[in-house]
Asker: 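Just dropping this structure here.
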There are 2 protein chains.
Amino acid sequence: MQHRSFADARCPIARSLDVVGEWWSILILRDAFRGVRRFDDFQESLGIARNMLSRRLKRLVDAGLLETRPYSARPPRHEYRLTDKGRDFYPVLMTLMDWGNRWARRRHSAVPLSRLTREPLDPVLIDRATGQPITPATVVMRYPGSGAAS
Amino acid sequence: MQHRSFADARCPIARSLDVVGEWWSILILRDAFRGVRRFDDFQESLGIARNMLSRRLKRLVDAGLLETRPYSARPPRHEYRLTDKGRDFYPVLMTLMDWGNRWARRRHSAVPLSRLTREPLDPVLIDRATGQPITPATVVMRYPGSGAAS
DNA sequence: TCCACTCAGTTTCATAATTAAACTCACTGC
DNA sequence: GCAGTGAGTTTAATTATGAAACTGAGTGGA
């Protein structure tokens, strides 16, 4: 039982997609951030086929974004929880959410608010060191063999 | 010729994935940001099957992230270019890239640098209004029916 | 003891998506 | 003419996905 791979080891985007690029994986992570932990709850929340859910969870656990934790010994039951690696995926979900709210708007949509101000969030990506916004114009890529290009 | 849909219209993440969640779509956008514009160049760069590339490009054009532009009338030829909607997808690619570089590291990997300092970027998501970092702890979601939850 | 129920899957089979390779079509340049 | 280019389609074989039924360890009640 393989999963497809984009296999361009030099590209960090391709490597990320190797782990989360399959159908459902990102929505499973979204649910995990919402607090969903159990097999049947994921299944009902997503409407995913049970065998697919089983595979995706396995993959996410193998990749280290989720971990299983027993919450009952008798009967033996466990739940799926985000690891640090999984929690660190949050910015991807937020930028996806923001893009969806900006460009694929619907009348009724979930909106992220600042916990402080209760105002809708306006997420911006900046560089921690310089404070500069990160845009195609402010970034150069450095590829394995030295140099730099846009 | 349908494409699958997650169909949860209230979730902006699901709506985004409706457009870019299929295999290859995100890597096509990545290549577009790198400057790739022509069918055969995408095909060679990605190693994608030509009929799949054709479908994905069509979908991305229909969804408004790419547009076709003739660059020669005789012979009739066109290229694919990012629209504003497509360019606005950049933060998703950057957060994916950052996650990949942090958690799926390889010896030789492309790394984004600040154009100013030529130092590796350390992308952080902040709220434009408050300047606060955006993390699960600083966000509450507002769902269509009023209230708020984590 | 028997029966119904829960959770977390697995199995089976039908349907849909993806791939590789070959083919099309409108040109150009020799 | 004839080979070559760019941008795709078509076809047939391979994979992935989905729906529904089934499994297995255990609980709780009659």
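Quick note on labels: first sequence line is chain A, next is B, and so on, each numbered from 1.
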Asker: Check whether any side-chain N or O of B/Trp23 sits under 4.0 Å from OP1 or OP2 of C/dA16, and answer yes or no.
Answerer: no
Asker: So how far is it from B/Leu29 CG to B/Leu60 CG, rounded to the nearest 0.5 Å?
Answerer: 4.5 Å
Asker: Taking atom types as modelled, is there a side-chain donor on B/Thr95 or A/Thr95 under 3.5 Å from an acceptor on the other?
Answerer: yes
Asker: Between B/Lys58 and D/dA7, is there a contact of a side-chain N or O with OP1 or OP2 at under 4.0 Å?
Answerer: no
Asker: Considering only heavy atoms, which members of residues 64-78 of chain A lie under 4.0 Å from some atom of DNA chain C?
Answerer: A/Tyr71, A/Arg77, A/His78
Asker: Would you mind checking if A/Arg34 and A/Asp31 are paired as a salt bridge, meaning a charged N to carboxylate O distance below 4.0 Å?
Answerer: yes
Asker: Counting the atoms with a prime plus P, OP1 and OP2 as sugar-phosphate, which does A/Tyr80 contact under 4.0 Å by heavy atoms, base, sugar-phosphate, or nothing?
Answerer: sugar-phosphate
Asker: Say whether, by atom type as modelled, one donor and one acceptor occur between the side chain of B/Thr83 and the main chain of B/Gly64 under 3.5 angstrom.
Answerer: yes
Asker: How close or far is atom P of C/dT18 from atom CD of B/Glu22, stated in whole angstroms?
Answerer: 6 Å
Asker: Without decimals, in angstroms, what is the distance between A/Ile48 CD1 and D/dT17 P?
Answerer: 9 Å
Asker: Using only heavy-atom distances, decide whether a donor-acceptor pair under 3.5 angstrom links the side-chain of B/Arg50 to the base of D/dG8.
Answerer: yes
Asker: State whether the distance check finds a donor on one side and an acceptor on the other, under 3.5 Å, for side chain B/Asn51 versus base C/dT18.
Answerer: no
Asker: Should the ring pair A/Tyr90 and A/Phe33 be called parallel, tilted or perpendicular, given that the plane angle runs from 0 to 90° and is split at 30 and 60?
Answerer: tilted
Asker: Whole angstrom is fine here: how far is it from CG in A/Leu53 over to P in D/dA20?
Answerer: 16 Å
